Enquirer: 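Below: one structure in structure tokens.
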Amino acid sequence: MHRAPQLQNWTAVCAIDEIVPDTGVCALLGGRQVAVFRVGSTEPRVFAIDNYDPNAQAAVLSRGLVGSIGERIVVASPIYKQHFDLHSGECLEAPEHSVASYPARLEGGKVWIAP
């Protein structure tokens, strides 16, 4: 459920060095909590999905465990352990509880998100 950026309205949320490799942080964008993840250390990639876990009804996804299932990069919710694809926001165990994903990029040492 990827959301289209609004005319490339990118927002810098933090420096890449402020996110420990293979973990996430929460950013507030336009009143919405977004979970921002850094995957890898030497050539990091960044991803952004909603922070709210609809399975647990709690804003906790940024605190989940980052890993992979097959070729998919996922975060496991810290409450009920459902897996969310970091590219698409799809909940692998309960697709009806998928979350929005957001365009994310690295530029100038900062993480940029398009809400």
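Given the structure is predicted, the values throughout are model-derived calculations rather than measurements.
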Enquirer: Identify which one of Val34, Val99, Val36 satisfies the side chain to side chain contact (heavy atoms under 4.5 Å, CB included) criterion when paired with Ile49.
Expert: Val99
Enquirer: Rounded to the nearest 0.5 Å, what's the gap from NZ on Lys110 to CD on Glu18? Could you check?
Expert: 9.5 Å
Enquirer: Between Thr23 and Phe37, is the side chain to side chain contact (heavy atoms under 4.5 Å, CB included) condition met? List the steps.
Expert: CA-CA 6 Å; Thr23 67; Phe37 298 92; over 6 Å; no
Enquirer: Start with the C-alpha gap between Ser62 and Asn51, add the side-chain angles, then the distance that decides, and say whether side chain to side chain contact (heavy atoms under 4.5 Å, CB included) holds.
Expert: CA-CA 6 Å; Ser62 63; Asn51 192 43; 3.2 Å; yes
Enquirer: Nearest 0.5 Å, what's the CG-OG distance between Asp53 and Ser77?
Expert: 3.5 Å
Enquirer: Decide yes or no for Ile19 and Cys14: does some side-chain heavy atom of the first lie under 4.5 Å from some side-chain heavy atom of the second?
Expert: yes
Enquirer: Are Asp50 and Tyr102 linked by a side-chain donor-acceptor pair shorter than 3.5 Å?
Expert: yes
Enquirer: Less than 4.5 Å apart, side chain to side chain, heavy atoms only: is that true for Pro44 and Leu106?
Expert: yes
Enquirer: Measuring from atom CG of Asp85 to atom OG of Ser98, what distance do you get when rounded to the nearest 0.5 angstrom?
Expert: 9.0 Å
Enquirer: Could you work out, with side-chain contact (heavy atoms from CB on, under 4.5 Å) as the rule, every residue matching Ser41, not counting sequence neighbours?
Expert: Pro21, Arg38
Enquirer: Would you mind reporting whether Val66 and Val74 have side-chain heavy atoms less than 4.5 Å apart?
Expert: no
Enquirer: More than 12 non-hydrogen atoms from neighbouring residues, nucleotides or ligands closer than 6.0 Å to CD on Glu96, yes or no?
Expert: yes
Enquirer: I need the His83 NE2 to Leu65 CG distance, nearest 0.5 Å.
Expert: 8.5 Å
Enquirer: Taking the side chain from Trp112 and the backbone from Ala104, do they hold a donor-acceptor pair closer than 3.5 Å?
Expert: no
Enquirer: Under the 3.5 angstrom rule, does the side chain of Gln57 hit a backbone N or O of Pro54 as a donor-acceptor pair?
Expert: no
Enquirer: Apply the side chain to side chain contact (heavy atoms under 4.5 Å, CB included) test between Phe84 and each candidate in Ile73, Leu92, Leu61; give the one that qualifies.
Expert: Leu61
Enquirer: Can you tell me how far apart CH2 (Trp10) and CD (Glu107) are? Round to the nearest 0.5 Å.
Expert: 9.0 Å
Enquirer: Please lay out, stage by stage, how Val39 and Leu86 fare under the test side chain to side chain contact (heavy atoms under 4.5 Å, CB included).
Expert: CA-CA 10 Å; Val39 176; Leu86 292 183; 4.2 Å; yes
Enquirer: Any non-hydrogen side-chain atom of Arg72 less than 4.5 Å from a side-chain atom of Ser88?
Expert: yes
Enquirer: Between NE2 of His97 and OH of Tyr52, what distance do you get to the nearest 0.5 Å?
Expert: 9.5 Å
Enquirer: Is there a donor-acceptor pair under 3.5 Å between the side chain of Asp22 and the backbone N or O of Gly40?
Expert: yes
